[in-house]
Amino acid sequence: MVFLEPIQLKENFIIMVYNCRTYGGDNMKTKSTLISMVFQDLKRGIKNKRFWMILIVMGIMAALTMVFDGVWAVQKVKMGVPPGEFDGVSFTARDEIDIITGSGLFVYYMPFLAAIAYSYSIMDDWKHGYYHQIVQRCSMKKYFWSRFISNALLGGILLVLIYAVIVGVAELGITYNPFLRDVVDYYTNTESYKVSYNASIRWGRHILCDSLNYVAWRLLGCVQFFGMGVLYGAISGVIAFMTSNRVLVYAAPVLILGLWEKWLYAVILLFQKNEMVTETLRYFFIKPYVGSFGYLILYGFLVFLIVLVLCIAKVLEPKIMERYREGGSER
């Protein structure tokens, strides 16, 4: 028998009561539906302090990056150095957003952040046995799919909000900053900035829309970040139901992304003389990047991967059900 400290008992009781109220409601005869459970999970995840701490930290990191970039940019203006001379620095909100979201550190942090958005809830339910109280008001199958869907959706929501925070910090801190108005004008009046932003929607080599406006391009970026977050969240959700090893659950999407990219690079190098093959493979890099916002093939590939993960979850469902029936708590 395992004895818990009074404080731990109190915490477990509070969470147990919260879960019962969340999924059972005041009417104990009412069964929870899958949609209502997903809705409650989304509210629970968004209200979690961890969710908002991630957004605050990412906003601070974005602001610090812009400050460091802005110091040299302002110095260049004061010294009268022509824009683009020596280092090609261009200090505008558009450029800073693209630099931050296109950095390798940012790209490989995204799968990790999408994984920690809500997968901790699945592991905590297993570790402390909280899911016993939840499945009293619903079937084990509903519990599995509600947690899985919520984990995927919260991963997408978190990445979209991170992208929105970066865009907001850049626009407010640079474009609409009265102290930097002369500096921004200095860089936006250059010929390189006035060149087309390459904001086109493509299906392979076919251009469907030649030029999107700035707002539409950023909204398209939100769609891509949401799709990537849903994929990463779904992957971590499946793994969280199979193991309570947090390192494995959080690192799995990052490892999958890294291995997939290495494999693609290897194939591109192998067929580097075949322009058609190399041109096609670049649409299959599953990482959020401003240059790929308009690649419709990538969105189709994302949908395919999400459906594939759903199919894997369906195949693993009996094994997961068996694990939860045989297990209980790993306290």
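No experiment lies behind these values; they were computed from the predicted model shown. For this chain, numbers begin at 1 and follow the sequence in order.
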May I ask whether [X] and [Y] are part of the same hydrophobic cluster, defined by side-chain heavy atoms of I, L, V, M, F, W, Y residues being less than 4.5 angstrom apart, directly or through others?
X	Y	value
V223	F293	yes
I207	W203	no
V57	V167	yes
L172	I97	no
V303	V160	no

For this session: Decide side chain to side chain contact (heavy atoms under 4.5 Å, CB included) for I174 and E96; before the verdict, give the C-alpha distance in whole Å, the side-chain angles of both, and the deciding distance to 0.1 Å.
Result: CA-CA 9 Å; I174 299 176; E96 286 299 307; 3.6 Å; yes
Exercise. Above 12 or not: heavy atoms from other molecules or residues under 6.0 Å from OH of Y109?
Worked result: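 No, OH of Y109 has 12 or fewer neighbouring heavy atoms, counting only those of other groups under 6.0 Å.
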For this session: Take atom CG of L208 as the centre, draw a 6.0 Å sphere, and report whether it contains more than 12 heavy atoms from other residues, nucleotides or ligands.
Result: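 Above 12, so yes.
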Minimum-distance pair of heavy atoms, taken over all atoms of [X] and [Y]:
X	Y	value
A170	A93	O-CB, 3.6 Å
L158	L55	CD1-CD2, 4.0 Å
V169	G59	CG2-O, 4.3 Å
F51	G45	CB-O, 3.5 Å
N245	V247	OD1-N, 3.1 Å
Y163	C222	CD2-SG, 3.8 Å

Heavy-atom side-chain contact between [X] and [Y] under 4.5 Å:
X	Y	result
M242	I320	yes
F148	L153	no
K43	Q40	yes
Y118	S150	yes
D125	R147	yes

Output side-chain donor-acceptor pairs under 3.5 Å for residues 257-267, partner residues at least two apart or in another chain, one line each.
| from | atom 1 | to | atom 2 | distance (Å) |
| --- | --- | --- | --- | --- |
| W260 | NE1 | F284 | O | 2.7 |
| E261 | OE1 | Y108 | OH | 2.6 |
| E261 | OE2 | K287 | NZ | 3.3 |

Problem set entry | Selection residues 300-318 - residue pairs positive for side-chain hydrogen bond (donor to acceptor under 3.5 Å, both in side chains), sequence neighbours left out |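 Counting only pairs at least two positions apart or across chains, the side-chain hydrogen bond (donor to acceptor under 3.5 Å, both in side chains) contacts touching residues 300-318 are W145-E317, K314-E317.
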Quiz: residues 224-241 side-chain donor-acceptor pairs under 3.5 angstrom, not counting sequence neighbours:
| from | atom 1 | to | atom 2 | distance (Å) |
| --- | --- | --- | --- | --- |
| Q224 | OE1 | Y289 | N | 3.0 |
| Q224 | OE1 | S292 | OG | 3.4 |
| Q224 | NE2 | S292 | O | 3.0 |
| Q224 | NE2 | S292 | OG | 3.3 |
| Y232 | OH | I286 | O | 2.5 |
| S236 | OG | N151 | ND2 | 3.0 |
| S236 | OG | Y232 | O | 3.3 |
| S236 | OG | G233 | O | 2.9 |

Exercise. Does the side chain to side chain contact (heavy atoms under 4.5 Å, CB included) test come out yes or no for L298 and F285, once each step is laid out?
Worked result: CA-CA 8 Å; L298 176 59; F285 284 97; 6.0 Å; no
Exercise. With a 4.0 Å cut-off, would you call D98 and R218 a salt bridge?
Worked result: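 Looking at R218 together with D98, the answer is yes, because their closest N to O distance falls below 4.0 Å.
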For this session: Could you tell me which residues satisfy ring-ring contact (aromatic ring centres under 6.0 Å, His included) with F106, sequence neighbours excluded, listed by chain and number?
Result: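 Listed in chain order: nothing, the list is empty.
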To the nearest 0.5 angstrom, please state how far the [atom1] atom of [X] sits from the [atom2] atom of [Y].
X	Y	atom1	atom2	result
M110	I162	CE	CD1	4.5 Å
L255	L248	CG	CG	8.0 Å
I256	L305	CD1	CG	10.0 Å
L42	R44	CG	CZ	12.0 Å
K49	I54	NZ	CD1	13.5 Å
M58	I100	CE	CD1	8.5 Å

Problem set entry | Chi angles and distances behind the side chain to side chain contact (heavy atoms under 4.5 Å, CB included) call for M140, R325 | CA-CA 9 Å; M140 188 64 217; R325 282 193 295 266; 5.8 Å; no
For this session: List the steps and the verdict of side chain to side chain contact (heavy atoms under 4.5 Å, CB included) for L64 and I60.
Result: CA-CA 6 Å; L64 290 175; I60 293 174; 4.0 Å; yes
For this session: Please identify each residue that fulfils side chain to side chain donor-acceptor pair (under 3.5 Å) with N48, with sequence neighbours left out.
Result: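 With sequence neighbours excluded, N48 shows a side chain to side chain donor-acceptor pair (under 3.5 Å) to Y120, given in chain and number order.
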For this session: Just jot down the side chain to side chain donor-acceptor pair (under 3.5 Å) partners of S119, sequence neighbours excluded, or say none.
Result: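 Side chain to side chain donor-acceptor pair (under 3.5 Å) check on S119 returns nothing, list empty.
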Exercise. Looking at W126, is R323 sitting on its ring face, NZ or CZ under 6.0 Å from the six-membered ring centre and within 45 degrees of the normal?
Worked result: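 Yes, R323 and W126 form such a contact.
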